[in-house]
Amino acid sequence: MSSAKIIPTIVLGGTGYVAGELLRLIATHPNLQLAAAVSESQAGETIKSVFPHLQNAFGTQTYIQRDQITQHLHGHVALFSAAPHGASAGMIAEIIELADKQNCKLTIVDASADFRFPTNAAYQAVYGHPHGAPQLLTHFSTGLPEHMDNPQEPHVGHPGCFATSMLLGIVPLLAMDLIEPEIHAFGITGSTGSGRSPIATTHHPLRHSNLYAYKPLTHRHAPEVIGIAAGITGVKPGLHFIPHSGPFARGIHMTLQATLKEACGTQQLQDKFAAFYASRNFVEIVADTPRIKDVVGSNFAHIGIGSEGTTVAVFVAIDNLLKGAAGGAVQWMNRLLELDETTGLLTPGPGWI
């Protein structure tokens, strides 16, 4: 695709934190131009009234209802979904049907959980309800762009934020046959990971200056990671994941621990990881342990490694809303549109957020 090509872009579920980051990235992307932001609850309201920080991005453009989307389905359209899991698949199926009637080509990246599992049964086992569009499951691949070069499917379901941080460390360990496939994970996420609607665990007096575990060993991103890692490496790991809520708004710090098949020094492991990710633009292997402030506000992931004897610890820091969601979704869209995958994603993070 020509670098000058402009692709009309639609964002579904356009009022949550991930949608806000998608809109912010689209606003400065040289090849994506917002055609419509879809929200049933905010239809008719300006985008800047919902996201005041986007005040100079889209002028007086307003949200539309889903039944108004047909007028934007012409030629080739990029579609991002930030709709809730359970709702996204049905909405996407409806839009694909409308697009087919108008000979519109869609390229879709779904940031919800609806296309992270290969079968209806696998999805239902985790989310407790049937998939909203099982006929589309074979049309979506899932995984990180760092681990998949040329997926055969036309669309992508982006892994979750915790899943992204785990996969960045787990896939190299399994792919290079470095560890026994039994992994312990300890992750801390910021409050934006709980979504925009206020709940008890995002209430400032509870979250501020606090740290606590939740859903220990039962978090739904664990089976997602197991399935994706097995699909990429051919090795199905055991994964014991304990997520934690941290006293900050955005970012994830993940610690992974496993047993090496053979003792290996820290420097040697760093070199192996550096070689594994050598051609990947958004992954940096750091000499020390990574810090979330070094990556928050960017699409970059920092990975640190420590070892002692046959024990290895891998540390991953990402921005949950960017590398773990909107940024990763744009990275995938760039790839699917045959653009440089870094397009629109190289703005440095603020550092002192």
Side-chain angles (χ1 to χ4, degrees), residues 7-29 32-74 77-99 102 104 106-116 127 129 131-133 136 140 155-158 160-161 191-199 202 249-250 320-322 324-330 332-333 344:
I7 303 295
T9 304
I10 296 172
V11 177
L12 296 179
T15 59
Y17 289 138
V18 172
E21 287 295 83
L22 282 168
L23 290 167
R24 185 176 67 85
L25 293 173
I26 291 166
T28 58
H29 196 290
L32 302 179
Q33 184 174 68
L34 186 68
V38 182
S39 171
E40 298 299 318
S41 64
Q42 298 295 326
E45 299 295 326
T46 60
I47 293 172
K48 65 182 179 181
S49 70
V50 175
F51 295 111
H53 65 291
L54 299 180
Q55 57 194 332
N56 64 334
F58 301 108
T60 59
Q61 186 169 354
T62 61
Y63 287 97
I64 67 169
Q65 294 180 326
R66 205 157 73 247
D67 60 10
Q68 298 174 285
I69 206 169
T70 305
Q71 62 188 298
H72 300 288
L73 298 177
H74 303 286
V77 172
L79 175 68
F80 292 100
S81 179
H85 70 264
S88 186
M91 295 169 64
I92 288 172
E94 176 185 312
I95 294 168
I96 288 176
E97 185 176 348
L98 291 171
Q102 299 188 187
C104 171
L106 288 175
T107 299
I108 303 170
V109 179
D110 182 24
S112 85
D114 284 8
F115 292 101
R116 298 174 186 166
Y127 285 91
H129 58 258
H131 193 272
L136 294 180
F140 283 77
H155 312 301
V156 169
H158 192 278
C161 52
S191 57
T192 52
S194 299
R196 193 172 186 183
S197 298
I199 57 176
T202 58
R250 58 195 296 170
N320 57 302
L321 295 179
L322 285 170
V330 170
W332 261 127
M333 186 63 76

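Quick note: residue numbers are just sequence positions, from 1. FYI, side chains are in, hydrogens and waters are out, and symmetry mates aren't considered; it's all heavy atoms of this structure.
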Review point. Would you say the side chain of Leu54 lies within less than 4.5 Å of the side chain of Gln61, judging by non-hydrogen atoms?
Key: no
Review point. Considering only heavy atoms from C-beta outward, does the side chain of Phe140 approach that of Ile92 to under 4.5 Å?
Key: yes
Practice item. Decide if atom CD of Gln33 counts as having more than 12 heavy atoms of other residues, nucleotides or ligands within a radius under 6.0 Å. Key: no
Practice item. Can you label the angle between the Tyr127 ring and the His129 ring as parallel, tilted or perpendicular, going by 30° and 60°? Key: tilted
Point to revise | Beyond-backbone contact of Leu34 with Ile47, side-chain heavy atoms, under 4.5 angstrom | key: yes
**Study point:** Side chains of Ile96 and Ile108 in contact at under 4.5 Å (non-hydrogen atoms)
**Key:** yes
Review point. Under 4.5 Å between any side-chain heavy atoms of Phe58 and Thr46, yes or no?
Key: no
**Study point:** Aromatic ring proximity Phe115/His155, centre distance under 6.0 Å
**Key:** no
Review point. Hey, are the side chains of Leu321 and Val18 touching, using non-hydrogen atoms and a 4.5 Å cut-off?
Key: yes
Practice item. Mind listing the closest non-hydrogen atom pair of Ala83 and Met91 along with its distance? Key: CB-SD, 3.8 Å
Practice item. Could you check Leu22 against Thr9 for side chain to side chain contact (heavy atoms under 4.5 Å, CB included), going step by step and ending with a plain yes or no? Key: CA-CA 11 Å; Leu22 282 168; Thr9 304; over 6 Å; no
Exercise for review: Kindly indicate whether the side chain of Leu106, heavy atoms from C-beta on, has any atom under 4.5 Å from the side chain of Leu73.
Suggested key: yes
**Study point:** Student check: side-chain heavy atoms of Asp114 and Leu136 closer than 4.5 Å
**Key:** no
**Study point:** Modelled atom types, side-chain donor and acceptor of Ser88 and Asp110, under 3.5 Å
**Key:** yes
**Study point:** Gln71, CD atom: more than 12 neighbouring heavy atoms under 6.0 Å
**Key:** yes
Review point. Between CD1 of Ile95 and OG1 of Thr70, what distance do you get to the nearest 0.5 Å?
Key: 9.0 Å
